[in-house]
Amino acid sequence: MRILHLLNDIRELGNGIINVAIDLACLQAQAGHEVAIASAGGEYEALLSTYGVKHFFLDQRRHPFNLFKAVYRWRQIVPEFQPDIVHAHMMTGMVLAWSLKRQFSYVVVSTVHNEFQRNAILMGLADRVIAVSRAVAESMQQRGIPVHKLRVVCNGTLNSPRQRRIVAAKPLQRPAIVTIAGMYHRKGIADLIAAFTQIARECPTAHLYLVGDGPDRDQFKQQAQQTLVGDRIHFEGFQPDPHCYLQSTDIFVLASHREPFGLVLSEAREAGCAIVASYVDGIPEALNHGHAGILIPPANVDALSQTITELLKQPQLLKTWQERSQQNLAWLRVDRVLQETLLVYQELVGSGEEIQQPSEALL
């Protein structure tokens, strides 16, 4: 197949949408398909080149004149690459691909990465709509996307083409509590800082490491500075390869208020972290519904602090959850994501084999 992925850019900034698409494009090319990405470019161009994935420059910034240029550029890209499948990962690309598909012979697949965004409903314009968790599929169905369009392909990042060789674990002050997340309010960073002020009283040697960047970082830093334990709260910024933090942490926390799946959870599980995360959206699926990590109500500072404190005070309990996180990891590999996505494509372009149509029960 000839597969063309549409992204806003391919910068290496920890964006989960970009990471999923890069993994998929590289593995599809490795499997023998002709693959390209159209975007405004970025650091991942070098990696794509090593896998033989072609890159087309396409600036989709939402300014009227620029969008006219994007349409013109798209009319050039499609005849040159002649895709069978156009796979849109973001809303602007979805609308662009859909609006011009009648002029060309491609079919459109979309992946809904952040269904909580109001305009995510536009992803339903595609011929097939991939949801990154069952929770996302159910949400999109409730918002009016026909069930016959929806397919579930849960995220997975293990054995990613983006993964670097880990030289050494990051030396952290122990016990270490770590989160790796964008610095956004929906990630529950403020809750985690508030919870740590309670944890710190019970565990005077504990340290909190916040790995990531984003528009709300300064607010969180100000919040931390106003506590009595600000010297034990460390803002590490964006890290291209955060695995070294996972190798050293005692407890990994994802306190999100909304989280379609949580890519970092698969990496935290592989590293053998004890995990505490919000019972929201696709997080329970990523943690095997509580078998691989402790699930707590979102936006509940007391539950967060009590759970983490209990783990830190009971070494055997901590060890038990570290061991449980590494069980049943095979389904989180990227090659499973590849195969399930190709099956979705084959439904549309034909493969010479009969593919069973998923029923509503599969969603």
Side-chain angles (χ1 to χ4, degrees), residues 1-10 17-18 20-42 44-45 48-49 51-113 119-131 140 145-146 148-151 153 338 340-353 355 357:
M1 284 182 282
R2 300 182 67 83
I3 305 160
L4 177 58
H5 294 271
L6 266 171
L7 291 159
N8 291 352
D9 63 71
I10 49 173
I17 298 174
I18 294 171
V20 168
I22 294 295
D23 287 347
L24 198 53
C26 290
L27 292 181
Q28 287 169 344
Q30 191 176 56
H33 300 280
E34 294 292 325
V35 185
I37 287 181
S39 80
Y44 279 127
E45 288 184 55
L48 293 174
S49 178
Y51 279 83
V53 177
K54 188 169 185 178
H55 182 261
F56 293 97
F57 181 81
L58 179 66
D59 185 350
Q60 302 167 65
R61 286 175 296 174
R62 299 178 191 178
H63 306 302
F65 179 66
N66 191 70
L67 289 175
F68 279 115
K69 292 196 298 182
V71 169
Y72 178 78
R73 177 63 178 142
W74 183 247
R75 291 178 183 274
Q76 294 177 318
I77 293 171
V78 173
E80 180 179 346
F81 187 70
Q82 299 181 14
D84 303 305
I85 297 283
V86 173
H87 192 151
H89 297 265
M90 296 174 177
M91 266 67 79
T92 305
M94 177 65 250
V95 174
L96 179 63
W98 171 79
S99 63
L100 297 175
K101 66 171 291 190
R102 292 189 178 184
Q103 300 179 29
F104 303 102
S105 59
Y106 59 74
V107 292
V108 182
V109 173
S110 67
T111 294
V112 182
H113 298 272
N119 56 1
I121 193 69
L122 295 173
M123 305 305 275
L125 294 170
D127 300 291
R128 288 291 185 273
V129 181
I130 294 175
M140 294 303 291
I145 303 303
H148 76 268
K149 281 190 175 186
L150 285 164
R151 302 293 181 268
V153 179
L338 167 68
E340 292 182 4
T341 303
L342 290 177
L343 285 175
V344 176
Y345 294 171
Q346 289 166 4
E347 292 182 38
L348 297 170
V349 302
S351 64
E353 298 180 9
I355 297 175
Q357 297 294 317

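Because only heavy atoms are used, hydrogens play no part in the values below, and waters and symmetry mates are left out as well, while side chains stay in.
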Heavy-atom side-chain proximity of [X] to [Y] below 4.5 angstrom:
X      : Y      : result
Leu125 : Met91  : no
Ile77  : Leu58  : yes
Lys54  : Glu34  : no
Leu7   : Met90  : yes
Met94  : Val108 : yes
Ile37  : Ile22  : yes
Val86  : Lys101 : no
Gln60  : Leu6   : yes

Output the distance between atom [atom1] ([X]) and atom [atom2] ([Y]), rounded to the nearest 0.5 Å.
X     : Y     : atom1 : atom2 : value
Tyr44 : Asp23 : OH    : CG    : 8.0 Å
Gln28 : His33 : CD    : NE2   : 6.5 Å
Ile10 : Leu48 : CD1   : CG    : 5.0 Å

Does Arg61 have any salt bridge (charged side-chain N to carboxylate O under 4.0 Å, His left out) partners at least two apart in sequence or in another chain, and if so, which?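 With sequence neighbours excluded, Arg61 shows a salt bridge (charged side-chain N to carboxylate O under 4.0 Å, His left out) to Asp59, given in chain and number order.
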
Among residues at least two apart in sequence or on other chains, which ones pass salt bridge (charged side-chain N to carboxylate O under 4.0 Å, His left out) with Glu340?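 Partners of Glu340 by the salt bridge (charged side-chain N to carboxylate O under 4.0 Å, His left out) criterion, ordered by chain and then number, come out as Arg336.
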
With sequence neighbours excluded, tell me which residues meet side-chain hydrogen bond (donor to acceptor under 3.5 Å, both in side chains) with [X].
X     : value
Trp74 : Tyr106
Arg2  : none
Ser39 : His55

Any pair counted as side-chain hydrogen bond (donor to acceptor under 3.5 Å, both in side chains), so long as it reaches residues 82-94, sequence neighbours left out: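 Passing the test, one end in residues 82-94: His5-His89, Arg62-Thr92, His87-Thr111, His87-Tyr345, His89-His113.
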
Please name the pair of heavy atoms, one in Gly93 and one in Ala88, separated by the smallest distance, quoted to 0.1 Å.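 So the minimum-distance heavy-atom pair works out to C-CB, 4.1 Å.
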
State, to 0.1 Å, how close Gln76 and Pro79 come at their nearest heavy-atom pair, and which atoms those are.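 Gln76 and Pro79 have their closest heavy atoms at O-CD, 3.4 Å.
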
